[in-house]
*Asks:* 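The structure's right below; bear with me while I get my questions together.
On a predicted model such as this, the values are computed, not experimentally measured, just so you know. Within every chain, numbering begins at 1; the chains are lettered A, B, ... in the order of the sequence lines, protein sequences first and strands thereafter.
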Amino acid sequence: MQMKLNAPQQEAVEHINGPLLILAGAGSGKTRVITHRIAYFIEQGMDPYNILAITFTNKAAGEVRERVDSMLGYGSERVWVSTFHSLCVRILRRHIDRIGYNTNYTIYDTDDQKRLIKETLLYLQMDPKMYPERLIMSEISHAKENFITPSEYDLAAQGDYRKMQIARVYTEYQIRMHNNNALDFDDLLFKTVQLFQDYPDVLEMYQERFRYIMVDEYQDTNTIQFLLVRQLARKYRNLCVVGDDDQSIYKFRGANIMNILNFEEEYPDATVIKLEQNYRSTANILNAANAVISNNEGRKDKVLWTEQEDGDKLQFKQYENEYQEAEMIAYYLLEEKIKNRRNYSDFAILYRMNAQSRVLEEKLLMKNIPYRIYGGQNFYGRMEIKDILAYMKTVANSYDDLSVKRIINVPKRGIGVSTIQKIDQYALQMNISFLDALYQVEDVPGIGKAASKVQKFTELIMDLKDDLSGSRSLAEFFDCILDRTGYQEELIAEHTEEALSRVENIDELRNKVIQYEEDAETPSLEELLEEIALISDVDSLNSSDDRVVLMTIHSAKGLEFPCVFLCGMEDGIFPGSMTINSGNTEDMEEERRLCYVGITRAKQKLYLSCSRQRMMHGSSSRNPISRFVKEIPSELIDAGGFRTALNQPVTRVDEASRVAPVFKVDPSKPPFGRTFTVNKAVTLDYGIGDTVEHVKFGQGVVTEIVNGGKDYEVTVEFDKYGTKRMFASFAKLKKLEES
DNA sequence: AATGCGATGCCTTAT
DNA sequence: GCATCGCATT
């Protein structure tokens, strides 16, 4: 651990007035500078109340506050440290009524958004096949990220039929969001910027309050965040942004790397400080990272260096399939743990996509290695959690039609789709909320005996509203929901393993409610719901429980681990096939930055691995070694006998990786060191699944290849002659078609 | 209205 | 390989 601040760090800490850009390489003590800077400001007599620090995750915010607190022992609670989203939520809770929303608005997550889009498409009679929700969602999201209103979008769409259709959805979607008194994630930013734009008095209030602004991970800010920061900083111009252009990895969600690259143009009087000394990783790991990232063009020039020892070489292994890869990761993990007396929590297994976690999980489970998976299906995204939350949201905001529709027949009350549609129709005509329409169910035409069922439901909601005002705590209210709905009872009655785990999840949610109530100064249902809406998976990462961590490289940004496994290092996975096929240089550079982020998470040991064959959406595919692995100088890598192949030029290695022999691992006797043998007498230009031709037997498909030392034993299923096993050197099989 | 079945289509990455 | 969706059945 670094003892005292180095010169540039010190300079950054003591810079008080005017714009400041801190280019902080990975592991260069960024958080340290931020926390010291806040502490320094307070020591200099500044009011902590005037300081705003924006971080990427709630977890990071908590850490900043904690560290400032431990440095000063006071004052930190008055510093406003939060993420962009929670900053906006808190501002809007106070002032959103100025722009026509109710301050008890609901926050919609991606799932809610999707439902609403679906409803909207139906209403506009647009074909979801022509306009997939996915596409619409990203269009709307990108519009909002660029502060483009529906009418502006429509204006720009003129002449482009497709865009004009999307403009219709965007417009109707926003109307519905407004009617539901709901905001999605993008709206939180959008509405705040809009509020500040339309109400300069409100903006000035916050400008006065936030005289000193710090933004972390600035390279991942998008346009709307840029605008928000610019608004807030305009008056006092005491803006300090910290970031690393090499770690910009969120282009897909609108992050604009130009925000950091052009900071000096936006603020010509900006001071620029570079932090280039890395305190995290060994020299070998750092050099590998430097080598990879140096392949990108158009970056701020900066070279990370370290005083640390070389350390161990990076490990690289190619396996036959993803099961073997997972198996060996588990094996090497245990080996390292025992050899160097490490904790499980010293390890992270990182991958490109969440889908890769399943196989890893399976093998860890088999070997009794405690682990925790972050990301993917979020806890709060689970069905039962969303159901219970929908009850809470309905009580908190009766305009939230989406939540009401979600729970009106959950648990089953015999209220079906047709009834819901009729009521929906009625609500639309009367221009009232869905819940209000439910209250007037007797006036809704065409509702027969379902009316009494609906009335039972509305009574339930009214009772719950009474419960909330009558109950002493939110936990008590929570139990009222469970009791009155019978949700939990129904699950218990099911007696299945799945239902049981849902019950457990509900219990966990209950704990969360209790926890919130203990921590909050003035607990309220609204605040509880917003906290839940904005919580991210890594926020709950807790290094004190001794488990291996599994997550995507994206989620791992900002984290560090003594030992890191980067798996699935294959062209087609990482970089992904989309990126490779598109031929887009910018996209490829972003993938490379992601790789850079992955490598620089490791402090001492880095294991890279890939698999020759892998199941991807149902079918098996073969992937060559990732080009990024090949960008690492071979002297930094220990790859057993495979090093030769790595040294070859990229184009030739691609060829070579197809010819390379199949190797088999006996899990009971895991190999040390030399895993690969490249110098074989015979090489095969075909693999499992390929169609081959034999002089005598004709065509067939290769089903198995066994490494028999000098030769390969190849099993082929011939079209006419059945399955034959033969030695490759005699068979002289000719490849016809790849699988 | 609820259930169950086969067909479809789809995968980055996440607040 | 998985989840979602539409359809037919009870």
*Asks:* Using heavy atoms to find the nearest nucleotide of DNA chain B for A:Ala533 and A:Ala450 separately, return the residue whose nucleotide is more 5′.
*Replies:*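 Result: A:Ala450.
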*Asks:* How many whole angstroms separate atom CE of A:Met353 from atom P of C:dC2?
*Replies:*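 It is 14 Å, rounded to the nearest whole Å.
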*Asks:* Hey, does A:Ile535 have a side-chain heavy atom less than 4.5 Å from the side chain of A:Phe379?
*Replies:*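 Result no, sub-4.5 Å side-chain heavy-atom pair not found.
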*Asks:* Let me know the distance between CD of A:Gln421 and P of B:dA1, rounded to the nearest Å.
*Replies:*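 It works out to 10 Å between those atoms.
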*Asks:* How long is the line joining NZ of A:Lys251 and P of B:dA14, in whole Å?
*Replies:*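 About 18 Å, once rounded to whole Å.
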*Asks:* How many Å lie between CD1 on A:Ile408 and C1' on B:dA1, as a whole number?
*Replies:*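 For the pair A:Ile408 CD1 and B:dA1 C1', the rounded distance is 14 Å.
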*Asks:* Below the 4.0 Å mark, does B:dA14 have OP1 or OP2 next to a side-chain nitrogen or oxygen of A:Asn354?
*Replies:*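 It does, given that an N or O in the side chain of A:Asn354 lies less than 4.0 Å from OP1 or OP2 of B:dA14.
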*Asks:* Using heavy atoms to find the nearest nucleotide of DNA chain B for A:Lys129 and A:Ile249 separately, return the residue whose nucleotide is more 5′.
*Replies:*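 Taking each residue's closest nucleotide, the earlier one in sequence belongs to A:Lys129.
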*Asks:* Can we say A:Glu320 and A:Arg612 salt-bridge, meaning some charged N sits less than 4.0 Å from an Asp/Glu carboxylate O?
*Replies:*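 Yes.
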*Asks:* Run the salt-bridge test on A:Lys456 and A:Glu459 with the 4.0 Å N-O cut-off and return the result as yes or no.
*Replies:*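 Salt bridge between A:Lys456 and A:Glu459, a charged N being under 4.0 Å from a carboxylate O: no.
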*Asks:* Which of these nucleotides, B:dA14, B:dT3, B:dT15, is closest to any side-chain atom of A:His85?
*Replies:*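 Nearest listed nucleotide: B:dT15.
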*Asks:* Scan A:Met615 against the nucleic acid and name what it touches under 4.0 Å (heavy atoms): base, sugar-phosphate only, or nothing.
*Replies:*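 The answer is sugar-phosphate, as A:Met615 gets under 4.0 Å only of primed atoms, P, OP1 or OP2.
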*Asks:* For the side chain of A:Asn409, starting at C-beta, report the closest nucleotide among B:dA2, B:dT15, B:dA14.
*Replies:*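 Between B:dA2, B:dT15, B:dA14, the one nearest the side chain of A:Asn409 would be B:dA2.
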*Asks:* OP1 or OP2 of B:dT15 sitting under 4.0 Å from any side-chain N/O of A:Thr110?
*Replies:*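 For B:dT15, OP1/OP2 do not have a side-chain N/O of A:Thr110 under 4.0 Å.
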*Asks:* Is the phosphate of B:dA1 approached by A:Ser418 (side-chain N or O, under 4.0 Å from OP1 or OP2)?
*Replies:*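 True: A:Ser418 side-chain N/O within range (under 4.0 Å) of B:dA1 OP1/OP2.
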*Asks:* May I have the distance from A:Tyr250 (atom OH) to B:dT13 (atom P), rounded to whole angstrom?
*Replies:*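 The answer, rounded to whole Å, is 11 Å.
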*Asks:* Would you kindly say whether A:Glu570 and A:Ser626 are connected by a side-chain donor-acceptor distance under 3.5 Å?
*Replies:*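 Result is no, nothing qualifies.
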*Asks:* Whole angstroms only, please: what is the NZ-P distance between A:Lys557 and B:dA14?
*Replies:*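 Rounded to whole Å, this separation is 12 Å.
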*Asks:* Using the ring of A:Tyr250 (Phe, Tyr or Trp, six-membered ring only), decide whether A:Arg253 places NZ or CZ under 6.0 Å from its centre and within 45 degrees of its axis.
*Replies:*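 The answer is yes, since A:Arg253 meets both limits relative to A:Tyr250.
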*Asks:* Using a 4.0 Å heavy-atom cut-off, does A:Ser555 contact any base of the nucleic acid, only the sugar-phosphate backbone, or nothing at all?
*Replies:*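 Sugar-phosphate contact only.
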*Asks:* In whole angstrom, give the distance that lies between atom CG of A:Asp111 and atom P of B:dT15.
*Replies:*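 The distance from CG of A:Asp111 to P of B:dT15 comes to 15 Å, rounded to the nearest Å.
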*Asks:* Using a 4.0 Å heavy-atom cut-off, does A:Gly576 contact any base of the nucleic acid, only the sugar-phosphate backbone, or nothing at all?
*Replies:*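 No contact at all - A:Gly576 keeps every heavy atom at 4.0 Å or more from the nucleic acid.
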*Asks:* Between P on B:dT15 and CZ on A:Phe252, what's the gap in Å once rounded to a whole number?
*Replies:*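 So the two atoms are 9 Å apart, to the nearest Å.
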*Asks:* Considering just the side-chain nitrogens and oxygens of A:Lys118, establish if one lies under 4.0 Å of OP1 or OP2 belonging to C:dC5.
*Replies:*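 Yes.
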*Asks:* Is there a donor-acceptor contact under 3.5 Å linking the side chains of A:Lys363 and A:Gln324?
*Replies:*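 Side-chain D/A pair, A:Lys363 to A:Gln324: absent.
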*Asks:* If the cut-off is 4.0 Å, is A:Thr419 near the phosphate of B:dA1, judged by side-chain N/O to OP1 or OP2?
*Replies:*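 Answer yes for this pair, as a side-chain N or O of A:Thr419 is under 4.0 Å from OP1 or OP2.
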*Asks:* Nearest of C:dC2, B:dT3, B:dA14 to any side-chain atom of A:Arg358?
*Replies:*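 Shortest atom-to-atom distance from the side chain points to C:dC2.
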